[in-house]
Number of protein chains: 2
Amino acid sequence: MTESGPGRDPAAVSRFVEGFAAQLVEAGMQRMPARVFAALLASDAGTLTAAELGDQLKVSPAAVSGAVRYLAQQHMVSREREPGSRRERYRVHSDQWYETLTNRESILKRWAAALGEGIRSLGPETPAGRRMAETLAFFEFIDGEIAAMMERWREHRDELFP
Amino acid sequence: MTESGPGRDPAAVSRFVEGFAAQLVEAGMQRMPARVFAALLASDAGTLTAAELGDQLKVSPAAVSGAVRYLAQQHMVSREREPGSRRERYRVHSDQWYETLTNRESILKRWAAALGEGIRSLGPETPAGRRMAETLAFFEFIDGEIAAMMERWREHRDELFP
DNA sequence: TCTTAACTTCACAAGATTCTGAAAAAAGCG
DNA sequence: CGCTTTTTTCAGAATCTTGTGAAGTTAAGA
């Protein structure tokens with residue numbers, strides 16, 4: 001339930017954090033980044049400090065540091081320096097983080113590059129070459145479609161959350 | 001007997017297999033399934049036997065067995081019994097395997113389920129709940145779009161490879 | 001039915017990851 | 001500047017993963 005006062009049920013938060021993190025792990029994400037990310041997603045402000053993360057997840061500052069570095073590299077969180085403090089805050093941009101999922105362009109592009117090289121070295125007219133060419137065409141098609149899809153999403157979002 | 005056609009350079013095949021597998025690994029796939037899959041993708045017939053896979057990849061039958069089981073579960077390859085032999089052949093369907101990439105529905109659905117539970121337990125009107133609701137809406141939107149996108153792909157493919 | 005090829009399962013060793021504690025580095029503040 | 005708080009780095013221990021060898025299971029052919 002929605003609570004005010006001393007706040008939210010820490011047990012409920014923890015259940016969500018661990019459950020969602022587990023799903024992310026299953027999809028290939030490392031455990032600690034997944035937990036840190038889920039904790040940020042479940043925070044009311046959308047930001048937490050390193051100390052809060054370490055405290056809530058019961059891990060060392062070192063682990064938080066490593067996880068946050070990874071998440072920042074993936075553009076899933078950003079770092080903000082709090083004015084008037086030496087603390088750093090880590091933020092999840094609710095309307096942007098999941099766009100990084102579709103920005104796995106880098107991955108599609110690397111797959112495409114590896115396939116292109118395979119086609120070239122095995123020969124485009126060999127059976128294997130043709131099979132790989134079809135796969136490559138698929139990746140290129142998807143790559144083009146995703147931008148349009150995200151544009152439609154933003155319109156759709158603006159209707160849902162005006 | 002499966003003949004590697006004339007002019008097919010085993011070293012070139014191996015380079016592709018290891019390179020493409022490395023990209024798959026980077027995207028979260030286990031190493032052995034990735035190598036087995038890449039080997040199938042690069043095979044001329046689109047099929048290989050367990051013995052051929054073990055031989056080409058220099059791994060034990062046990063490793064092949066585990067990798068193939070995983071790939072079959074993910075519907076990335078299918079198993080065929082060779083008539084008149086006790087061998088099994090493993091096949092990649094060139095025009096279908098990559099559709100499994102978009103069929104990670106299961107993953108989207110599980111993420112959505114975890115988010116839905118989080119929204120319910122933290123409260124849909126809390127800031128965290130609203131953030132999660134937007135993410136959930138995104139996943140639901142994507143889920144709907146993907147089917148349409150794949151339909152467009154099939155049309156596109158039929159133009160490219162009539 | 002028996003034999004034997006082919007695949008699968010399982011315990012374990014080798015290897016890779018991941019997190020911690022401790023020390024170093026960076027950065028605000030007087 | 002020097003003190004203090006916060007973050008980062010790094011070596012190493014604990015934990016997981018992964019592939020192997022060997023035994024076990026299944027199924028084709030005689």
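Below, read A as the first sequence line, B as the second, and so on, with proteins coming before strands; counting in each chain starts at 1.
What you find for A128(B) and L41(A) is that their closest heavy atoms are CB-O, 4.2 Å. T135(B) approaches S94(A) most closely through the heavy-atom pair OG1-O, 4.4 Å. Taking every heavy atom of both residues into account, L122(A) and A42(B) meet most closely at CD1-O, 4.0 Å. When every heavy atom of S43(A) is checked against every heavy atom of R131(B), the shortest pair comes out as O-NH1, 2.6 Å. The two atoms that bring V68(B) and V77(B) nearest to each other are O-CG2, 4.4 Å, heavy atoms only.
In terms of phosphate contacts, R87(B) brings no side-chain nitrogen or oxygen within less than 4.0 Å of OP1 or OP2 of dT4(C).
Near DNA chain D, meaning a heavy atom under 4.0 Å away, the residues from residues 38-57 of chain A are A50(A). Listed in residue order, the members of residues 13-26 of chain A having a heavy atom less than 4.0 Å from DNA chain C come to none.
With contacts defined as side-chain heavy-atom distances shorter than 4.5 Å, the pair R35(B)/V64(B) does not qualify. The side-chain heavy atoms of W111(A) and L101(B), taken from C-beta on, include a pair separated by under 4.5 Å.
By the side-chain contact (heavy atoms from CB on, under 4.5 Å) test, A51(A) is found to be paired with T49(A), residues two or more places apart in sequence or in another chain being considered. Applying the side chain to side chain donor-acceptor pair (under 3.5 Å) test to E125(A) and every residue at least two apart in sequence or in another chain returns R130(A). In this structure, the side chain to side chain donor-acceptor pair (under 3.5 Å) partners of S78(B), at least two apart in sequence or on a different chain, are H93(B). For Q56(A), the side-chain contact (heavy atoms from CB on, under 4.5 Å) partners two or more places apart in sequence, or in a different chain, are V13(A), V17(A), A39(A), L48(A). The side chain to side chain donor-acceptor pair (under 3.5 Å) search around R31(A) returns none, not counting sequence neighbours.
In this structure, D9(A) CG and R15(A) CZ are separated by 6.5 Å, a value rounded to the nearest 0.5 Å.
Here F161(A) sits in one hydrophobic cluster together with L160(A); the rule is ILVMFWY side chains under 4.5 Å apart, joined directly or through other members.
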Check: protein-nucleotides 25-27 of chain C nitrogen or oxygen pairs below 3.5 Å:
none

Nucleotides 14-24 of chain C: which of its N/O atoms have a protein N/O under 3.5 Å away?
from: dT20(C); atom 1: OP2; to: S60(A); atom 2: N; distance (Å): 3.0
from: dT20(C); atom 1: OP2; to: S60(A); atom 2: OG; distance (Å): 2.9

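The residue from F20(A), W97(A), Y90(A), Y70(A) that alone fulfils the ring pair (Phe, Tyr, Trp, His ring centres under 6.0 Å) condition with F37(A) is W97(A).
At a threshold of 4.0 angstrom between heavy atoms, the contacts of R35(B) with the nucleic acid are absent.
Between F138(A) and Y98(B), the ring-plane angle classifies as parallel under the 30° and 60° cut-offs.
Here chain B contacts DNA chain D (any atom closer than 4.0 Å to a heavy atom, that is under 4.0 Å), and the contacts span dT18(D) to dG29(D) from 5' to 3'.
When the shell of 6.0 Å around CD of E88(A) is examined, it contains more than 12 heavy atoms from other residues, nucleotides or ligands.
Between the two ends of the helix from dT1(C)-dA30(D) to dG30(C)-dC1(D), each summarised by a five-pair axis, the helix axis turns through 30° (rounded to 10 degrees).
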